[in-house]
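So the structure is just underneath, and the comments pick up after that.
Counting starts at 1 for both ligands and their atoms, in listed order.
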Amino acid sequence: MIWNEPKECMLPEERSRLQGKRLHKLVDKVYHNTPFYRRKMQEMNIMPDDIQTVDDIVKLPFTTKQDLRDNYPYGLFAVPMSEIVRIHASSGTTGKPTVVGYTRRDLSIWSEMIARSLSAFGANRHDICSVAYGYGLFTGGLGLHYGVEHLGATVIPMSSGNTAKQIQFMHDFGATAIACTPSYALYLAEAMEKAGNPRDEFKLRMGIFGAEPWTDNMRKEIETKLGINAYNIYGLSEVMGPGVSHECELKDGSHIIDDHFFPEIISPDTLEQLPYGEQGELVFTTLTKEGLPLLRYRTKDLCSITDEPCKCGRTSVRMSRIVGRSDDMLIIRGVNVFPSQIESVILEMEEFEPHYLLIVDRVNNLDILEVQVEVRDGYYSDEISKILALRNKIAHRLHNVLGISADIKLVEPYSIKRSEGKAQRVIDKRIFN
Ligand code: ADP
Ligand code: ZN
């Protein structure tokens, strides 16, 4: 079902007109209410009336995470605190957290965005959704929570952790949907199997997964293990939270809620806007946000966008999966490596569990990449020759994909630490050298 057909299926010209109108209003608002933006615009010699259509967006300044940190905690808010009804903070994956504030209207738009996502996944008011994203300052838990309620489905506010109880309640309460990180979904699947819970005793049919990069191979793994349909939901607290984009039942890229968030792809080096189809850094302008409106916020997430129509009928621009964050990119002996490339190789091979850890170090001035990966039960062997053959097989495939060699360490199932939230898959020891 399409939740908000007039908005989600607008004709491209109609959407573009709406975006232009909203953009002009936004720029006018931040110019008058946010000293930070007024200063930036004055420095660049731009007045709000210079911005009339979405094509004018390239004249506007960028905003970075550092700008939010420099104005910690409330410096970029565009309304008085009396209008702010909720605070969240980014999870701080890459440093000091950034603080975001929402007006009542912001929260209602956010819930609507998530209701759009859930409908696109095929959820409806008969669903019972266990929200296992963390509740609290992190936007995952409360974001999904109010979205599920807005859809009219039933929410089980589990929050993260306490895996045994998660499983028991999903079972006893007849949960049909689970929302959590993809890495936690795998952990849950494993724990269910270990506890001897037969899958057909669960009513689960759908997973709502995001908050960290994951691959299509990971999707297949989760879908098979849990017997569900797994969908991608993307977002970031600075822009709103989960639901900035979502897949539809076709699973062919994620629809961006672009009547509220205008997307651009830029080259992180030249900062020039790139055409549809090219990979670069995703940038968002919040067209309707009141509490913390942002002009051209640089997400650091790398992907591409397309305006090719989707068969589902939604006409918004779609984004590819996130390849990684520019901060996640490892430069090993001068070669760019994304953890997602390694994940793809591991998950294509049936000999391995989808659990891995990358350790990067520098020994004698040379970068070393160690890939620890769990060998699946039944493939582990006491015979040295078999283990060596397996190691060579994966080493060879990784070399083909990455263009550099890695030290492979095969480990037993369950030996790599599982995550309840965002997985930490890289330990870069060079930072401390
Ligand atoms: P932090 O930057 O501290 O992790 P957030 O909790 O707001 O703050 O996380 C937002 C980030 O999480 C995004 O910028 C992106 O890197 C990642 N993310 C969120 N959803 C997805 C997704 N579906 N696929 C890939 N990455 C995602
Ligand atoms: Zn679609």
Evaluate the criterion side chain to side chain donor-acceptor pair (under 3.5 Å) for residue pair Thr270 and Ser267; output intermediate values, then yes/no.
CA-CA 6 Å; Thr270 65; Ser267 150; 3.2 Å; yes

Under the ring pair (Phe, Tyr, Trp, His ring centres under 6.0 Å) test, which residues partner Phe77, sequence neighbours left out?
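Tyr74.
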
Let's go through Arg321 and Trp214 carefully: what are the C-alpha distance in whole Å and the side-chain angles of both, what is the deciding distance for side chain to side chain contact (heavy atoms under 4.5 Å, CB included) to 0.1 Å, and is it a yes or a no?
CA-CA 8 Å; Arg321 272 190 191 277; Trp214 56 309; 3.4 Å; yes

If you look only at distance, which donor and acceptor atoms sit under 3.5 Å apart when one is on a side chain in residues 397-407 and the other is two or more places apart or in another chain?
none

Which ligand 1 atoms are under 4.0 Å away from a heavy-atom of [X]?
{"X": "Lys65", "answer": "2 (O)"}
{"X": "Ile233", "answer": "20 (N), 22 (C), 23 (N)"}
{"X": "Ser237", "answer": "7 (O)"}
{"X": "Phe138", "answer": "6 (O)"}

Please output the side-chain donor-acceptor pairs of residues 148-162 that fall under 3.5 Å, not counting sequence neighbours, one pair per line with the distance.
from   : atom 1 : to     : atom 2 : distance (Å)
Glu149 : OE2    : His145 : NE2    : 3.1
Ser159 : OG     : Tyr135 : N      : 3.0

Measure from atom 13 (C) of ligand 1 to every heavy atom in Asp328, Asn232, Asp301, Val100 and give the option owning the shortest one.
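It is Asp301 whose heavy atom sits nearest to atom 13 (C) of ligand 1.
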
Shortest reach to atom 10 (C) of ligand 1 by a heavy atom, considering only Gly134, Ala211, Gly235, Gly241:
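Considering heavy atoms of Gly134, Ala211, Gly235, Gly241, the nearest to atom 10 (C) of ligand 1 sits in Gly235.
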
Evaluate the criterion side chain to side chain donor-acceptor pair (under 3.5 Å) for residue pair Thr98 and Glu238; output intermediate values, then yes/no.
CA-CA 8 Å; Thr98 45; Glu238 293 85 350; 3.1 Å; yes

Sum up the protein N, O or S atoms located under 2.8 Å from the Zn ion (ligand 2).
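The number of such protein atoms is 4.
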
Ion pair check, Asp259 and Arg116, cut-off under 4.0 Å:
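A salt bridge is present here (some side-chain N lies under 4.0 Å from a carboxylate O).
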
Looking at the rings of Trp110 and His88, which for Trp means the six-membered one, are their centres under 6.0 Å apart?
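Under 6.0 Å, so yes.
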
For Glu308, does the CD atom have more than 12 heavy-atom neighbours from other residues, nucleotides or ligands under 6.0 Å away?
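Result for CD/Glu308: open.
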
Mind checking whether Lys422 contacts ligand 1 via backbone (N, CA, C, O), side chain (CB onward), both or neither, at a 4.0 Å heavy-atom cut-off?
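For Lys422, only side-chain atoms sit under 4.0 Å from ligand 1.
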
